[in-house]
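Report on the following structure.
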Amino acid sequence: MAAVTLALIGFFAIVIMRVTTPQMTTLFTDLSVEDSSSIIKELERQAIPYEMRNDGAVLMVPKDKVTRLRMKLAEGGLPKGGGVGYEIFDKSDTLGSTSFVQNINHLRALEGELARTIRAIDRIQAARVHLVLPERPLFSREAPEPSASIVLRVRGALEAQQVRAIRHLVASAVNGLKPQRVSIVDEAGQLLADGATADGAVTGATGDERRVNFEKRLRGEIESIVSSVVGSGRARVQLSADFDYNRVTQTSDTFDPEGRVLRSSQTREESSLTADNRDGQVTVNNELPGNQRQDATSPARDQSRKSEETNNYEISRTTKTEVTEAGRVKRISVAVLVDGAYVKNDKGQMVYQARDKEQLDRIAALVRSAIGFDQKRGDQVEVVNLKFAEAPTAQPIGDPAGVMGLLSFTKDDLMNLIEMVVVLLLGLVVVFMVVRPLVKRILSPDPAAVPAIPPPAPAPTVADAAQPPATQNLLPGNAASSPVADVAQVQGQVHVQSVHRVGELADRNPSETVSIIRQWLSEPA
């Protein structure tokens, strides 16, 4: 009875707790200590039950109150995100504050808002932003450039694209800040972005990242296309790429002598005419003796003509400046290892079969097309067929179907199943330990109501047992469904048992039984 009582108490306690306890769901996750304490104070003020997990980073509340609580907390500015944003100006008194305090508050608000925005990116748990906004010195022509440093706590590892996105996000939000002036460090002290180098530089760690990403992308493309031919897990690809990190700038001038163009033309002509009339002139020749005087009718004439032409031509000239950026691909080498085919023989066993050369050549052609094969660059592609150490096993793709799909339980399903099993066990305990004994006791006859069997010698006992009509009328099959019939049924069962006992005594003592019957016959009626 003590065990049954304890089982009943435990059963009803579990049922009552299960019914009365509300179903809890997540209110907020990844909360800071300040936000968690503020939200807990608000929940306690409203007398709302809650649960804390992960040291207060996760808060659980009843499922039917989640939406209303989120709207109510958002009205009060919760959660704040672990930093101070522009709400710092909501409660500040600007009348008595100095410009220095205003500048500090503006810097704090800007840092807090940037940290909240960065935390919205996937894989980032927490962020801390430090901005340096120097003022322009007096009598200075050049203003110092602002800079920023960011500390991140991430889940796993950030990709290079995400790091660049954070740098450009912060640079766009701060006036005059350049992306290359932003430094990013994770919680392990690993430098994700160096603020001393340019954003587009490919030297050092950035060049290695570019090479690794390039090799990873090509390797994935090759594995995808080869696996679709030979099967999943039956191809291995290794790729190596050589990069040239030298930045080359080349300027060339080209002159085309055949491509002449007339730029300017200048023509000049001169003409002069001189007449020599010596009549009446006093000259040395005329005064000499014996000299004849020229005829005055035929004077001497001097005529001259001069022509000059100047043409200026322009020769065709081409100026070409080529800038070869660092990080260009010099050479690509690809090694592809494929497994053979597995076919069934006459006995139904799976045997290995090597692939023919024609199929390997087709795979090599696909690989060349995937990597952009350039023979002048010295690219190399090798496709080899070898037997793998272990035969491939079929891996289920996607969600399991059939029986396996039915057996894929979640955590909530397992908890509900455990609760159902516990309630079922307690129910069985109640049925077998409480209900069954009570039912059995009700259906069984009461031993106190059954009279003791009289000894065989007294006549009334045998006489009562010798009344078959009365006994047959009191059998259970003929009893009516009433309290009187139940009493008659019990008495009939008692008489039947008495008759059975008398028969057993008669079998054991036949002589005494005969003498009793003779005595009954000799008595008067």
Side-chain angles (χ1 to χ4, degrees), residues 9-97 101-102 104-129 151-155 173 187 409-423 426:
I9 293 174
F11 172 73
F12 288 109
I14 292 176
V15 172
I16 293 173
M17 291 177 61
R18 180 63 179 172
V19 173
T20 56
T21 302
Q23 186 178 0
M24 308 296 285
T25 187
T26 304
L27 179 63
F28 293 111
T29 59
D30 296 334
L31 293 174
S32 61
V33 179
E34 295 81 3
D35 289 341
S36 181
S37 61
S38 301
I39 294 175
I40 289 174
K41 289 180 181 179
E42 184 66 22
L43 295 177
E44 291 178 349
R45 188 181 65 82
Q46 299 182 15
I48 297 177
Y50 64 90
E51 294 180 3
M52 290 190 303
R53 297 181 181 178
N54 296 338
D55 298 333
V58 179
L59 290 180
M60 309 286 291
V61 295
K63 186 176 182 180
D64 56 345
K65 299 181 180 180
V66 171
T67 305
R68 184 178 64 84
L69 282 175
R70 287 178 179 174
M71 292 189 294
K72 188 68 176 178
L73 294 174
E75 182 181 357
L78 293 176
K80 297 181 180 179
V84 179
Y86 285 116
E87 67 273 4
I88 192 175
F89 297 104
D90 297 338
K91 300 181 181 180
S92 62
D93 187 8
T94 59
L95 183 60
S97 60
V101 176
Q102 289 291 329
I104 292 298
N105 290 337
H106 178 264
L107 183 62
R108 292 178 59 192
L110 186 58
E111 292 176 350
E113 293 295 334
L114 288 174
R116 294 176 183 177
T117 306
I118 294 173
R119 278 197 300 270
I121 301 176
D122 190 19
R123 296 184 183 179
I124 296 180
Q125 293 182 346
R128 189 78 180 268
V129 180
V151 180
L152 303 176
R153 185 169 73 244
V154 298
R155 305 183 189 94
E187 74 279 5
F409 298 109
T410 61
K411 184 178 179 181
D412 296 335
D413 296 336
L414 293 177
M415 294 301 297
N416 294 331
L417 181 60
I418 292 174
E419 292 178 358
M420 293 176 60
V421 171
V422 171
V423 173
L426 291 177

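Side-chain atoms are counted along with the backbone in the values below, which use heavy atoms only and exclude waters and symmetry mates.
For the pair Glu187 and Val151, the minimum side-chain heavy-atom distance is 4.5 Å or more. Within the 4.5 Å cutoff, the side chain of Leu43 has heavy atoms near those of the Leu69 side chain.
Every residue two or more places apart in sequence or in another chain was checked for a side chain to side chain contact (heavy atoms under 4.5 Å, CB included) with Ser37, and none qualifies. Partners of Glu42 under the side chain to side chain donor-acceptor pair (under 3.5 Å) rule, at least two apart in sequence or in another chain, are Arg45, Gln46. The salt bridge (charged side-chain N to carboxylate O under 4.0 Å, His left out) test applied to Glu51 returns Arg53, not counting sequence neighbours. Residues meeting the side chain to side chain donor-acceptor pair (under 3.5 Å) test with Arg68, sequence neighbours left out: none. With sequence neighbours left out, Ile40 forms a side chain to side chain contact (heavy atoms under 4.5 Å, CB included) with Ser36, Glu44, Tyr50, Met52, Leu59.
Residues Met60 and Met24 come closest through the heavy atom pair O-CE, 3.3 Å. The two residues Lys65 and Ile48 make their nearest non-hydrogen contact at CD-CG2, 4.3 Å. Nearest heavy atom pair, residue Leu152 against residue Ala127, reads CD2-CB, 3.7 Å.
Between the CD1 atom of Ile118 and the CG atom of Leu114 there is a distance of 6.0 Å, given to the nearest 0.5 Å. Expressed to the nearest 0.5 Å, how far CZ of Arg70 lies from CD1 of Ile39 amounts to 10.5 Å.
Salt bridge present: Arg116 and Glu113 bring a charged side-chain N and a carboxylate O closer than 4.0 Å.
Of the candidates Leu73, Val58, Val61, Phe28 forms a side chain to side chain contact (heavy atoms under 4.5 Å, CB included) with just one, namely Leu73.
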